[in-house]
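Take a look at the structure set out below.
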Amino acid sequence: MEGTGELQLDAKAEVTNQLLDFQWKLGMAVSSNSCRSLKYPYVAVMLKVADHSGQVKNKCFEMTIPQFQNFYRQFKEIAAIIETV
């Protein structure tokens, strides 16, 4: 689907990276230099990924709670599909 932000994978596509580790933590931004009181919850995620040559890289990113809930829902859908294979 172009333009929707969804990634479509071909079933025959070669997997080029391997997930080695998945860590997350819940955080709360309480203030910043431009705002005294944020009270902004977020989820910080760190992935450890090995590429096809074996080189390991860390990928870190933050998500809002709604983004993380959507991320989690997608993983549950993937798990359900994998169980049927």
Side-chain angles (χ1 to χ4, degrees):
M1 297 182 152
E2 284 188 39
T4 63
E6 291 185 25
L7 177 63
Q8 297 293 320
L9 296 176
D10 184 337
K12 296 177 185 176
E14 184 178 328
V15 176
T16 58
N17 295 315
Q18 179 182 8
L19 179 63
L20 302 175
D21 191 28
F22 178 97
Q23 296 181 15
W24 64 273
K25 67 179 178 179
L26 182 62
M28 176 73 79
V30 292
S31 67
S32 74
N33 61 347
S34 62
C35 184
R36 285 194 184 273
S37 180
L38 291 174
K39 296 182 182 167
Y40 174 81
Y42 64 91
V43 177
V45 177
M46 188 179 90
L47 307 175
K48 187 178 285 190
V49 180
D51 67 15
H52 65 281
S53 70
Q55 183 177 5
V56 176
K57 295 183 180 181
N58 291 322
K59 307 286 186 178
C60 301
F61 55 94
E62 294 178 355
M63 293 184 275
T64 64
I65 298 303
Q67 288 172 325
F68 185 74
Q69 289 169 332
N70 183 46
F71 183 73
Y72 174 72
R73 181 184 52 62
Q74 291 177 16
F75 266 92
K76 283 177 56 177
E77 290 173 7
I78 292 167
I81 291 169
I82 289 172
E83 287 180 9
T84 64
V85 178

Any residue meeting salt bridge (Lys or Arg N to Asp or Glu O under 4.0 Å) with Glu83, in chain and number order, not counting sequence neighbours: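 Scan of Glu83 (salt bridge (Lys or Arg N to Asp or Glu O under 4.0 Å), adjacent residues dropped) gives none.
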Hydrophobic cluster membership, with links at side-chain heavy-atom distances under 4.5 Å among I/L/V/M/F/W/Y: are [X] and [Y] in one?
X: Leu19; Y: Phe75; result: yes
X: Phe68; Y: Leu26; result: yes
X: Phe71; Y: Val43; result: yes

[X] [atom1] to [Y] [atom2] distance, which is reported to the nearest 0.5 Å:
X: Lys48; Y: Phe22; atom1: NZ; atom2: CZ; result: 14.5 Å
X: Asp21; Y: Leu47; atom1: CG; atom2: CG; result: 8.5 Å
X: Ile78; Y: Arg73; atom1: CD1; atom2: CZ; result: 10.5 Å

Ile65 vs Tyr42 side-chain heavy atoms within contact, under 4.5 Å: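 Side chain of Ile65 against side chain of Tyr42, heavy atoms only: no contact under 4.5 Å found.
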Going by atom type alone, with no hydrogens or angles, which donor-acceptor pairs under 3.5 Å involve a side-chain atom of residues 55-64 and a protein atom two or more places apart or on another chain?
from, atom 1, to, atom 2, distance (Å)
Thr64, OG1, Gln67, N, 3.2
Thr64, OG1, Gln67, OE1, 3.3

Tyr72, OH atom: more than 12 neighbouring heavy atoms under 6.0 Å: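 Open.
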